[in-house]
Protein chains: 2
Amino acid sequence: MKHVTIKEVAKKLNVSVSSVSKAFNDRNDIKKETKELILKVGKEMGYHPNPIAKKLSQQKTFNIGVIVPEFVNAFFPEVIIGIQDVFLKRDYQVLIMQSNESYETELKNVQTLEGNMVDGLIVSLSRETHNLEYFKSLINQGYPIVFFNRYNEDLHASKVIFDDFKWMFFATEHLIKQGFEKIFHLSAYQHLLLAKNRIRGYKKAMSKYKIEIEPDWIVETGLFLEEGDAAMQKLIDENNIPEGITCGNDMVAIGAMRTIKRNGLHIPEDIAVTGFTETPLVELVDPPLTSVIQPTHDMGETAAKLLLKQIENDSPIPETVILNGILNVRASSMKKE
Amino acid sequence: MKHVTIKEVAKKLNVSVSSVSKAFNDRNDIKKETKELILKVGKEMGYHPNPIAKKLSQQKTFNIGVIVPEFVNAFFPEVIIGIQDVFLKRDYQVLIMQSNESYETELKNVQTLEGNMVDGLIVSLSRETHNLEYFKSLINQGYPIVFFNRYNEDLHASKVIFDDFKWMFFATEHLIKQGFEKIFHLSAYQHLLLAKNRIRGYKKAMSKYKIEIEPDWIVETGLFLEEGDAAMQKLIDENNIPEGITCGNDMVAIGAMRTIKRNGLHIPEDIAVTGFTETPLVELVDPPLTSVIQPTHDMGETAAKLLLKQIENDSPIPETVILNGILNVRASSMKKE
DNA sequence: CTGTTAGCGCCTTCAA
DNA sequence: TTGAAGGCGCTAACAG
């Protein structure tokens with residue numbers, strides 16, 4: 001892996017390294033013909049400026065880093081595409097790392113990315129992240145960083161988030177308006193801020209319509225299909241059967257639906273169901289699942305633009321952008337006449 | 001973003017930079033007590049060796065790069081998890097980039113990754129990649145690189161692939177054995193090698209059982225749901241209705257199923273369906289979809305191990321690993337008694 | 001316009 | 001055991 005260096009090009013042409021540098025950086029304090037000659041010969045020799053060396057002597061890399069907890073669910077990939085769409089256009093490269101929902105891995109991710117001198121970071125916190133010191137110190141040093149989706153209120157940084165409270169309120173209110181009363185809430189990872197906000201939305205809707213919530217109406221699950229199955233099966237086994245459920249995510253909702261049907265119950269007649277963070281699956285299941293669309297692509301774009309602003313104007317005032325969704329009502333939650 | 005440098009640590013302690021360097025690289029040509037002192041004070045000062053500088057003077061980064069065409073479908077994310085599982089264990093960091101199925105972006109990805117001096121590359125080619133020169137020159141220079149899933153036969157490099165021929169053969173044969181004869185093949189991106197191999201598998205099965213294929217039995221589609229819809233609808237509109245279809249991917253199969261049902265036809269009685277590259281969806285659709293499991297995680301692990309071998313032993317002999325799958329037969333393809 | 005030189009932060013001989 | 005010095009490849013003053 002031997003690279004042609006600036007020196008070799010210089011020697012070959014009997015010019016100085018700085019001339020070569022100037023030529024390749026397209027500057028104008030160099031005669032046009034020499035520039036062209038250098039460019040031509042340099043390329044022939046297969047010369048590419050070594051970005052590492054460039055980084056070391058400059059302070060800018062035109063790389064930015066993105067850290068997400070996982071990307072098996074479509075949510076994060078879609079956000080990342082939004083991020084890329086704005087950065088690629090501006091000739092930034094986007095490096096992605098996956099924390100696997102582990103705090104330790106996340107920390108290492110941050111460090112290698114920062115160590116690689118990315119110009120800024122976009123991150124969605126891992127489920128496990130408890131210690132925020134490293135992020136805080138980065139932020140204090142003025143390092144450009146924006147959070148999305150999973151953030152923490154103690155972090156004094158820009159973030160783009162979804163109004164989980166409001167949309168879970170709407171989802172719950174929708175079920176109530178359909179005439180359901182005994183509505184349960186299946187919540188994924190309750191310690192996450194977004195889950196807490198969704199619970200608040202659920203509670204708010206219930207209290208608005210004066211429906212008293214029993215403590216066991218809020219059920220903790222994870223993020224996956226099987227966990228929806230298990231939660232639902234448990235309710236059925238205990239003969240504690242709701243008229244409706246609002247779920248913190250589509251997979252859990254779909255798992256619950258599967259279990260409801262397996263037990264001979266009907267959707268929505270016996271139990272109405274809503275999901276959250278709409279995935280393409282909602283149209284494929286039977287009946288089609290009511291869910292809340294999150295503007296994933298937009299979330300990525302917005303985060304990217306916030307970061308860009310920080311990088312380019314280094315404006316240090318953190319901004320928070322709250323994105324809106326859409327409640328997509330489908331058969332899984334509509335009371336039949 | 002001011003970093004503490006080796007110099008500052010040295011000055012503070014009145015030692016030389018090389019001593020600090022030695023301490024932080026845990027070498028033994030330094031007295032134990034001084035090493036410990038340096039480490040202690042250095043950490044207190046918040047000193048981290050700057051990886052960029054390190055890279056420049058050493059030749060190893062303990063970073064590896066992965067380039068995939070997309071990761072909205074679960075396939076690539078799952079492979080990446082396999083890759084990470086082997087590298088994280090060995091303290092390598094994995095940087096991921098997405099080519100968006102674009103050759104240009106892919107090329108830039110390779111260049112920034114290589115420019116960041118990753119120790120090696122794992123790549124799955126974009127749909128558009130036609131020009132292989134850059135890859136070839138990297139390979140010629142002995143740069144460690146392994147391909148998976150989407151590769152090109154002109155590339156003299158290690159690769160881990162799936163036996164598309166064999167498993168599409170099995171899928172097709174399975175339909176034939178169920179008693180279907182007029183079997184069509186919906187193929188995604190026919191110019192991709194893997195699609196060609198699947199077509200070969202389909203043809204081989206048909207010819208083995210002496211079923212003559214009409215030219216219009218092989219239909220080109222893309223990768224997504226809607227393309228499955230469209231292809232199926234077209235067949236129905238033309239009243240060219242197959243008894244069975246083998247699809248190049250699950251999404252297309254599911255789209256086709258949706259359209260079949262919408263048109264009042266039944267699966268598998270009227271049309272039997274098989275998918276490929278099994279996704280979690282297969283269990284969710286009605287009827288459950290027969291598909292071929294690809295060992296995604298294993299594919300990632302295998303690719304990672306091949307790369308590691310190249311990096312550490314720099315053995316230049318390219319290896320090809322062909323992975324096996326499983327045909328998971330479900331209701332979508334079983335003739336009812 | 002061109003070339004010389006001093007860094008960027010770190011590692012690695014090589015003397016002392 | 002220590003430290004001085006050169007080098008990794010490039011850029012950015014600064015003279016000429």
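Every chain is numbered from 1 and lettered A, B, ... according to where its sequence line falls, protein lines coming before strand lines. The figures that follow rest on heavy atoms only: side chains count, while hydrogens, waters and symmetry mates do not.
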* Asked: OP1, OP2 of C:dC8 versus side-chain N and O of B:Lys7: anything below 4.0 Å?
  -> yes
* Structure fact -> Between CD of B:Glu8 and P of C:dC8 the distance, given in whole Å, is 10 Å
* To do: Give the rounded distance in Å between these two atoms: NZ of A:Lys32 and C1' of C:dT2.
  => 19 Å
* Asked: How would you list all residue pairs meeting ring pair (Phe, Tyr, Trp, His ring centres under 6.0 Å) that involve residues 106-125 of chain B, not counting sequence neighbours?
  -> none
* **Length of the line joining B:Ile6:CD1 and D:dA5:P, which is rounded to integer Å** => 16 Å
* Sequence-distant partners of A:Tyr47, ring pair (Phe, Tyr, Trp, His ring centres under 6.0 Å), two or more places apart -> A:Phe24
* Structure fact -> B:Lys11 NZ to C:dC10 C1', in whole Å, measures 16 Å
* Partner residues of A:Glu44 under the salt bridge (Lys or Arg N to Asp or Glu O under 4.0 Å) criterion, sequence neighbours left out -> A:Lys40
* Which of these, B:Tyr143, B:Tyr151, B:Phe147, sits in a ring-ring contact (aromatic ring centres under 6.0 Å, His included) with B:Phe135? -> B:Phe147
* Mind listing the residues from residues 33-47 of chain B sitting with a heavy atom below 4.0 Å of DNA chain D? Number order is fine. => B:Thr34
Using a 3.5 Å cut-off and no angle test, enumerate the donor-acceptor pairs between side-chain atoms of residues 73-84 of chain B and protein atoms at least two apart in sequence or in another chain.
unit_1, atom_1, unit_2, atom_2, d
B:Asn73, ND2, B:Glu70, OE2, 3.3
B:Glu78, OE1, B:Thr296, OG1, 2.8
B:Gln84, OE1, A:Gln98, NE2, 2.7
B:Gln84, OE1, A:Asn100, ND2, 3.4

* Structure fact -> Between CG of B:Asn28 and C1' of C:dT12 the distance, given in whole Å, is 14 Å
* To do: Mind calculating the distance between NZ (A:Lys55) and C1' (C:dC10) to the nearest angstrom?
  => 16 Å
* Asked: If you fit an axis to the five pairs at each end of the helix from C:dC1-D:dG16 to C:dA16-D:dT1, how big is the angle between those two axes, to 10 degrees?
  -> 50°
* Any ring pair (Phe, Tyr, Trp, His ring centres under 6.0 Å) pairs touching residues 91-110 of chain A, not counting sequence neighbours? -> A:Phe62-A:Tyr92, A:Phe87-A:Tyr92, A:Tyr103-A:His130
* Asked: Is any side-chain N or O of B:Asn50 closer than 4.0 Å to OP1 or OP2 of C:dC8?
  -> no
Between protein and nucleic acid, restricted to nucleotides 3-6 of chain C and to nitrogen or oxygen atoms under 3.5 Å apart, what atom pairs and distances do you find?
unit_1, atom_1, unit_2, atom_2, d
C:dG3, OP2, A:Ser16, N, 3.2
C:dG3, OP2, A:Ser19, OG, 3.0
C:dG3, N7, A:Ser18, OG, 2.9
C:dG3, O6, A:Lys22, NZ, 3.0
C:dT4, O4, A:Ser18, OG, 3.2

* Could you please spell out the steps behind the salt bridge (Lys or Arg N to Asp or Glu O under 4.0 Å) verdict for B:Lys309 and B:Glu319? => CA-CA 11 Å; B:Lys309 207 193 286 182; B:Glu319 290 179 58; 2.7 Å; yes
* Asked: With respect to the phosphate group of C:dC11, does any side-chain polar atom (N or O) of B:Arg27 fall under 4.0 Å of OP1 or OP2?
  -> no
* In chain order, what residues pass the ring pair (Phe, Tyr, Trp, His ring centres under 6.0 Å) check against A:Tyr189, with sequence neighbours excluded? -> none
* For B:Asn25, all residues meeting side-chain hydrogen bond (donor to acceptor under 3.5 Å, both in side chains), sequence neighbours excluded -> B:Ser21
* Reported CG-to-OG distance for the pair A:Asp29 and A:Ser19, which is rounded to 0.5 angstrom -> 9.0 Å
* By ring pair (Phe, Tyr, Trp, His ring centres under 6.0 Å), which residues pair with A:Tyr134, not counting sequence neighbours? -> none
* Asked: D:dT11 phosphate, OP1 or OP2: any side-chain N/O from A:Ser57 under 4.0 angstrom?
  -> no
* Structure fact -> Applying side-chain hydrogen bond (donor to acceptor under 3.5 Å, both in side chains) to B:Lys35 and not counting sequence neighbours gives B:Asp26
* Find the distance A:Lys54:NZ to D:dC10:P and express it as a whole number of Å. => 9 Å
* To do: Measure the distance from CZ on B:Phe24 to P on C:dC11 and round it to the nearest whole Å.
  => 10 Å
